[in-house]
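Residues: numbered from 1 along the sequence shown. Atoms within each ligand, like the ligands themselves, are counted from 1 in listed order.
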Amino acid sequence: MVKDILVVKDLQVWFPVRQGFIESLVSKEQRYVKAVDGVSFNIKEKEIFCLVGESGCGKTTTGKGILRLVEPTGGSVKYYGKGKEILLKDMISDALAKGKITKAQAEKMTAEGGIDVRALHKSKMKKLRQKMQIIFQDPYESLNPKQSVYDIVAEPLVVNGIGATEAEREKRVVKALEDAGLRPPKDFMWRYPHEVSGGQRQRVGIAGSLVLEPEFLVADEPVSMLDVSIRSEILKLMLDLRDNKGLAFLFITHDLGVAYVFSDRIGIMYLGKIVELGPTEEVVKHPAHPYTKALISVVPTPDPEMRRNQIILKGERPDPSNMPPGCRFHPRCPFVMDICRKEAPATVFVSEGHWVSCHLEKGQAK
Ligand code: SF4
C-alpha cells in the first residue's frame, strides 16, 4: 500500500484585521481574514496533489502554512517522509535523556511515526525543511540578481551547514543543476539570473530546492509566469523528478487545465476551504460542486458545443474577513437554495476517494 507522506487536518491560517479607533470602540470582537479555514487532505509518496482555485482562495497560504513559512492558527500537519526519522531519533533520545518520556513511550512514538510539524521547535523545523522545500511562482523575483547561479543554488547548503568543503558543496550544486535539466552544469554555474532565459531561471530555482535532496515539494504556481512553450518542459521536469527521485508534490495552480494533465488527485479550494476533492480524472469528468463545474466550463476547448455551456459566475468573491453565513459560495451559486444561506454543507462521499461539500449531494457524510 502506498503510504502517506503528509497528512493535513483542519488547517487554519487566520490573520487578525487591524481595526480603526472608532471601530475598536464600537466592536470589541477581533475580526480575522480566514485565509485557510479548516483544510484537510493527505498526500501520498510519489503523488502529485493539486490545489486549484482562483487567486485569494487560500491555496498559497495553505502551502506556506504546511512549511510554517506562515504560522498556522490551528489544525495539524503530520509528516511521515523518511526525513522524519532523523528528527524523531533526535527528539526521542533528547526526551529520554531528560526523563520526559519512558522507554515504552519512546517505542510507541517511533512506531506511530509522523512528525507533528506545528509542534517543532524552530531549530528542528529548519532541519525538517531540508526535506520539505518550496518552488516559488516568480523566477524573476525569487532569484537574487547579484548572485551567480552557483551562489544561489549553494546558499541552502551554506545556511544549513551542509558540505564540509567547497568541493563537496560544488559536487552537490552540479548534481542539482543536472537534475533540474541545466546541462552541462558548468555552462550555467557562473552566469547571473539576467544571463539565462525565463525557463532556465525557473530551473535554477528548482535546483536551489533540489540541492538539499528533499522528499516533498510545494510548487506554488511554478509555470504561471512562463511562456506557454516553456511550461510543458518545466511540468515534464517535475514529472521526471516524481518518477526518478520519488518526490511528492503539493502543486498549487489557478489553471485547471494544468492540474488535469499533471496531477494524480485534486482539491478545489474556495474562500479558505476545500469544497471538492478526489482523483483528478474523476473530479474533472464528474464534478459534483457547482464551483468545480463553473471552473471546468471555462477551460478553453476547441469544441464550440462545450463553449456554449459555459457557467459564468456572477458577483464578486465575498470579503474573507466577513464570510457569508451558510455555504460560502451561496452569493455566487447558480443553484442556491434556502438552506444554503443558513447552513454550511456537510462533506459527503460521491464515489471512491471523491467527496464534496454541497447541499445538492445527498451521499454519506465523511
Ligand atoms: Fe450552491 Fe448550495 Fe451547493 Fe453551496 S451548498 S454550492 S450554495 S447548491
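Because the distance cut-off is set at 2.8 Å, H289 fails to qualify as a neighbour of atom 4 (Fe) of ligand 1, as none of its N, O or S atoms comes that close. Residue contact annotation: C333 places an N/O/S atom under 2.8 Å from atom 1 (Fe) of ligand 1. Taking 2.8 Å as the threshold, C327 does not count as a candidate ligand of atom 3 (Fe) of ligand 1, since none of its N, O or S atoms lies below it.
Taking both residues in full, the closest heavy atoms of E54 and Y270 are given as OE2-CE1, 3.3 Å, listed atom of the first, atom of the second, then distance. What you find for R328 and P318 is that their closest heavy atoms are O-CG, 4.0 Å.
The closest side-chain donor-acceptor pair between H254 and E221 falls under 3.5 angstrom. Between the side chains of E276 and T292, at least one donor N or O sits under 3.5 Å from an acceptor N or O.
Heavy-atom contacts of L360 reach the following atoms of ligand 1: 8 (S) (cutoff under 4.0 Å). Of all atoms in ligand 1, numbered sequentially from 1 with element shown, those under 4.0 Å from a heavy atom of F335 are 8 (S). Annotation for ligand 1: atoms under 4.0 Å from non-hydrogen atoms of F329 are 6 (S).
Ring-plane geometry between F216 and Y79 is classed as tilted, the angle between the planes lying from 30 to 60 degrees on a 0 to 90 degree scale.
Scanning the protein for heavy atoms near atom 3 (Fe) of ligand 1, the closest one is C358 SG, 2.3 Å. For atom 2 (Fe) of ligand 1, the nearest non-hydrogen atom of the protein is C340 SG, 2.3 Å. For atom 5 (S) of ligand 1, the nearest non-hydrogen atom of the protein is H359 N, 3.2 Å.
When the options E47, R265, K3 are evaluated for a side chain to side chain donor-acceptor pair (under 3.5 Å) with N42, the one that passes is R265.
A ring-centre distance under 6.0 Å is not found for Y32 and F15.
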